[in-house]
Peer 1: 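The structure that follows is given in the form of structure tokens.
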Amino acid sequence: MQISADKLTAFISRIFVTAGASAAFADEVAVHLVAANLKGHDSHGIGMTPAYVHNIRTELLKVDAEAAVIRDNGAVMVVDGQFGFGQVVGRQAADIAIERVRDTGVVCMGVRNCHHLGRIGTYAEHCAAQGLVSLHMVNVVGHDPQVSPWGGRERRMTTNPFACAVPRADAPPVVLDMATSAVALGKVRVAYNAGNRVPEGALVDYEGAPTTNPAVMYEEPFGALGPFGKHKGYGLAVMCELLGGALAGEWTAQPENHRSHHIVNHMFMCVVDPQAFGGVEKFQAEVDAMVDYLHSTTPAKGFDRVRVPGEPERESMALREADGIPIDDATWTGVLKAAEAAGLSTDEITALVE
Ligand code: NAD
């Protein structure tokens with residue numbers, strides 16, 4: 001099916017309100033999830049709704065929790081998300097960092113105990129909108145690992161995302177935002193739901209052999225996601241685990257830590273005010289010149305043009321804002337079931353989505 005962003009946002013927000021969230025928080029989460037769909041990341045879009053509703057009902061996700069500063073050492077801060085909506089407490093943490101960085105020039109913040117933060121680039125874009133550079137290293141805990149280390153068979157980590165944004169004066173920011181697994185787990189879920197294969201090199205089966213069948217993540221005998229970029233992607237994933245998990249969250253994927261059916265993100269976030277470097281104009285001129293230089297590259301065979309990170313998401317957004325957001329049947333069925341589980345009647349659901 002195809003649905004407009006506005007209608008989808010109103011529906012998803014209503015699900016969270018019915019499940020117990022305030023209208024403001026429900027709207028913020030719905031806007032974030034639908035924006036992920038608009039930007040082409042269906043893995044982190046409204047398909048997460050069933051998991052969120054489940055976690056609200058089991059009280060693993062606290063609908064009214066807010067970010068709380070638990071350590072304040074000037075440019076170094078630790079914020080506890082208290083298992084609130086990641087979209088809310090993650091943005092609140094970013095706001096705290098944005099306010100502080102005007103005094104300190106740089107803020108290194110540990111953001112811990114957030115229910116799923118969703119699309120990490122959202123927080124990088126939030127900082128970039130204020131003219132700030134930011135870097136985000138995240139781990140994921142609360143459930144069994146899904147990603148095997150480079151050279152290994154068993155799962156030891158999760159998809160540990162990394163994001164970084166560089167603002168531009170008169171253009172959208174450059175935004176790198178990615179899982180450190182070969183693909184995001186949600187993309188495997190979307191492929192599984194749609195009966196599609198995943199790209200080669202993304203998955204291994206239970207013997208560690210490469211496979212393109214997403215079922216290895218959901219049906220026995222289980223396989224694993226692999227890291228992107230062989231040992232280098234694995235290395236970046238380890239650093240996300242150690243900085244996001246050990247330093248910011250004091251909770252890594254190692255087996256002594258508890259694993260329930262939870263989705264918890266810890267984030268190491270570094271926010272930098274380019275003003276503190278003293279030469280914002282020169283910085284921006286160099287960014288623009290370098291982006292132009294990259295864009296001027298002759299496309300390789302099979303490519304239409306060279307892009308910088310963040311552009312594919314803006315292209316997807318333009319298309320989906322115009323045409324609506326495509327949702328596969330399995331994802332939509334899951335969302336409808338979540339709406340019922342939250343407490344919406346069939347008539348209410350019909351009125352919201354038709
Ligand atoms: P992806 O592989 O689609 O994109 C990764 C990055 O590459 C993006 O910044 C994109 O702009 C850039 N890119 C893509 N094609 C490009 C091109 N041709 N030229 C230049 N740049 C290009 O992303 P992914 O790894 O599948 O991650 C998807 C999302 O999942 C991300 O938003 C991430 O934050 C999110 N995620 C979240 C969690 C969590 O626990 N909250 C875990 C994993 C991933």
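The figures here come from the full heavy-atom set of this structure, side chains too, leaving out hydrogens, waters and symmetry mates. Just so you know, ligand 1 is whichever comes first in the structure, and atom 1 is the first atom listed for that ligand.
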Peer 1: Transitive ILVMFWY cluster of Val31 at side-chain heavy atoms under 4.5 Å: who else is in it?
Peer 2: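 In the cluster with Val31 there is nothing else; it is isolated.
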
Peer 1: Could you pull out all residues at least two apart from Tyr192 that satisfy ring pair (Phe, Tyr, Trp, His ring centres under 6.0 Å)?
Peer 2: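 Result, ring pair (Phe, Tyr, Trp, His ring centres under 6.0 Å) vs Tyr192: Tyr218.
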
Peer 1: Any idea how Tyr52 and Phe85 line up, ring-wise: parallel (<30°), tilted (30 to 60°), or perpendicular (>60°)?
Peer 2: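 The rings of Tyr52 and Phe85 sit tilted, inter-plane angle from 30° to 60°.
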
Peer 1: Using the test ring pair (Phe, Tyr, Trp, His ring centres under 6.0 Å), find all partners of Phe11 that sit at least two apart in sequence or belong to another chain.
Peer 2: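 Phe11 satisfies ring pair (Phe, Tyr, Trp, His ring centres under 6.0 Å) with Trp332 once adjacent residues are dropped.
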
Peer 1: Compile the protein residues with any heavy atom at a distance under 4.0 Å from an atom of ligand 1; present them by chain, then by number.
Peer 2: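 Close residues (ligand 1, cut-off 4.0 Å): His41, His44, His116, Gly118, Arg119, Ile120, Val140, Thr159, Pro161, Val175, Leu176, Asp177, Met178, Ala179, Ala184, Lys187, Asn265, Arg307, Val308, Pro309, Gly310, Pro312, Glu313.
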
Peer 1: Of Glu125, Glu313, Glu315, which meets salt bridge (Lys or Arg N to Asp or Glu O under 4.0 Å) against Lys39?
Peer 2: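 Only one option passes, and that is Glu125.
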
Peer 1: Can you confirm whether more than 12 heavy atoms, excluding those of Asp329, are under 6.0 Å from its CG atom?
Peer 2: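 For Asp329, atom CG is not crowded (no more than 12 foreign heavy atoms under 6.0 Å).
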
